[in-house]
> 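My structure is below; once you've seen it, I'll send some questions.
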Amino acid sequence: MCDVIAQINGASRRSFLGAAGLASGATLVAALGASAASASTAPEPASNAAAQHFRTRLALLGTAAGRTFWGGSERQGISSAVVVGDAVYLVDCGDGWARRYLQAGLGERTEFHGLEQLEGVFVTHMHSDHLIDYPSLLIFGSTDGLAARQNPVEVIGPGSRGKLVPLSENAKSTPPVINPENPTPGIADMTEYLYQAYASDLNDNMRDSLKPDPHTLIHVNEITLPSGLVVDPDVDPAPPMEPFVVFEDDNVRVSATLVKHPPVFPAFGYRFDTADGSVVFSGDTAFSDNLIRLAQGADILVHEVIDPQWVESLFPSPPAPAQQAKIHHLINSHTSIEEVGDVAERAGVKTLVLSHLAPADNPKSRWAEAGRRFSGKLVVGEDLMQLGVGSRKR
Ligand SMILES: [Zn+2]
Ligand SMILES: [Zn+2]
């Protein structure tokens with residue numbers, strides 16, 4: 001484990017611009033400024049041409065919560081990117097992120113290319129919908145441009161929870177423990193386990209096709225919480241705290257905070273400050289004062305959202321014990337349509353972008369109800385939507 005910030009001392013730093021104030025009047029817009037985006041979930045990167053005029057931009061890659069195979073939505077799993085000039089910073093690796101990454105024009109879409117500009121990957125938490133396509137980076141990445149980079153890609157994410165999640169009060173029996181010697185691996189151990197799981201392929205390719213060892217291309221860092229912060233994840237996984245810096249280079253300064261996604265710990269929200277403005281990602285969280293603190297005055301807040309009416313509709317009444325446990329998690333660990341506008345209002349952000357949509361196939365009009373409690377711009381996220389940050393390039 002190591003702290004990334006400690007490794008980049010000496011890197012030149014830009015001055016950072018915060019953004020403040022609310023846009024007047026509640027508005028639902030397709031995209032920020034002139035960077036119009038499609039209302040469809042179908043990939044239409046050409047519709048984001050205007051966003052290319054911004055040096056810094058947000059690219060939504062996948063916008064679905066959870067699994068993506070069901071329902072009528074074509075949304076891919078949760079994944080987003082902040083682009084500063086040519087540099088790309090990925091947030092989460094949900095299903096289909098790599099395909100969307102190239103569809104969004106973030107890399108050259110030809111054989112043996114694609115990820116050359118990927119500088120960092122930020123993982124919010126260890127739930128599988130945020131990591132199910134992480135192996136594409138680890139295993140395919142060397143062929144898709146990582147080998148051409150000067151420096152390894154920095155992966156920044158959670159460490160171990162430290163102890164198993166308590167058993168649900170709805171449990172009828174105690175389940176077996178997967179991997180009992182390390183039942184709650186963080187991102188570093190997960191990475192090594194994935195290399196082990198793909199050892200046949202990796203050893204084959206390193207010996208026969210002379211592909212590089214992925215360890216030399218990808219540098220994994222588990223976030224160390226600020227000293228003095230004591231957390232019992234079973235009691236409160238996100239006690240009040242100040243944001244802290246986890247990464248910094250010439251383009252971005254990335255701060256993190258613990259957010260409230262029980263029983264997950266640690267679960268992070270991230271804030272990217274650039275010379276052009278700021279973009280904040282909630283990760284998965286219930287209403288979180290820490291997140292509101294992190295997002296103060298940001299240009300864009302990308303926030304997860306869940307529709308409680310959908311949760312109610314999922315199971316018969318009364319629900320079975322396992323169903324009740326699932327309902328409890330969905331309601332208590334995510335932010336509802338009614339709450340999310342309030343979060344954005346309290347944070348004073350200019351634009352609220354809804355993503356990690358649960359369910360992925362809700363009508364847009366339902367999500368738009370989040371605007372009732374937010375006086376800024378509301379954007380219902382779509383795969384491949386891009387939003388400019390700050391001013392257009394001159
Ligand atoms: Zn999720
Ligand atoms: Zn989650």
Side-chain angles (χ1 to χ4, degrees), residues 60-71 73 75-81 90-97 100 121-136 156-162 164-166 168 178 183-187 190 223 231 233-234 236-238 256-270 280-288 290-291 294 301-308 310-311 314 325-337 339-340 343 353-362 367 370 380-383:
L60 302 182
L61 303 181
T63 53
R67 294 163 294 115
T68 59
F69 319 126
W70 56 278
S73 171
R75 295 178 190 274
Q76 290 289 314
I78 185 67
S79 182
S80 316
L90 184 69
V91 180
D92 286 329
C93 300
D95 186 32
W97 74 265
R100 288 290 195 240
V121 179
F122 296 80
V123 176
T124 59
H125 65 297
M126 298 301 292
H127 267 158
S128 52
D129 56 325
H130 298 247
L131 282 164
I132 198 71
D133 215 355
Y134 182 48
S136 288
I156 293 99
S160 169
R161 188 179 194 275
L164 269 173
V165 164
S168 166
I178 305 290
T184 61
I187 193 66
M190 173 188 248
I223 293 172
V231 184
D234 296 346
D236 182 359
T257 196
L258 288 169
V259 292
K260 191 177 162 191
H261 191 42
V264 175
F265 170 81
F268 293 109
Y270 292 115
V280 176
F281 298 88
S282 70
D284 281 15
T285 184
F287 187 101
S288 165
N290 281 349
L291 191 276
L294 180 75
L301 169 60
V302 182
H303 206 294
E304 70 118 272
V305 64
I306 194 168
D307 184 349
W310 168 70
V311 176
L314 284 175
K326 183 66 177 174
I327 291 170
H328 182 269
H329 170 75
L330 290 173
I331 294 297
N332 289 280
S333 301
H334 295 281
T335 302
S336 71
I337 295 173
E339 293 171 318
V340 71
V343 171
V353 177
L354 301 182
S355 189
H356 194 277
L357 305 175
D361 58 355
N362 238 10
W367 298 124
V380 180
E382 302 284 353
D383 287 20

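Residue indices begin at 1 and follow the sequence shown. Order of appearance sets the numbers: ligands from 1, and atoms from 1 within every ligand.
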> I'd like to know if the side chain of D92 pairs up with that of H356 as donor and acceptor (distance under 3.5 Å, no hydrogens or angles considered).
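On atom types as modelled, these side chains do not qualify, holding no pair under 3.5 Å.
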> Measure up the H334 and H261 rings against each other and bin them: parallel (under 30°), tilted (30 to 60°), perpendicular (over 60°).
perpendicular
> With respect to T63, which candidate in R100, E304, R75 satisfies the side-chain contact (heavy atoms from CB on, under 4.5 Å) definition?
R75
> How would you list, by chain and number, every residue that makes a side-chain hydrogen bond (donor to acceptor under 3.5 Å, both in side chains) with D234, sequence neighbours excluded?
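side-chain hydrogen bond (donor to acceptor under 3.5 Å, both in side chains) list for D234, sorted by chain: R161, K163.
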> With the Zn ion (ligand 2) as the centre, enumerate protein N/O/S atoms below 2.8 Å in chain and residue order.
H125 NE2, H127 ND1, H261 NE2, D284 OD2
> Considering residues at least two apart in sequence or located in another chain, which fulfil the side-chain hydrogen bond (donor to acceptor under 3.5 Å, both in side chains) criterion with D307?
N362, R366
> Could you tell me which residues satisfy ring pair (Phe, Tyr, Trp, His ring centres under 6.0 Å) with H328, sequence neighbours excluded, listed by chain and number?
none
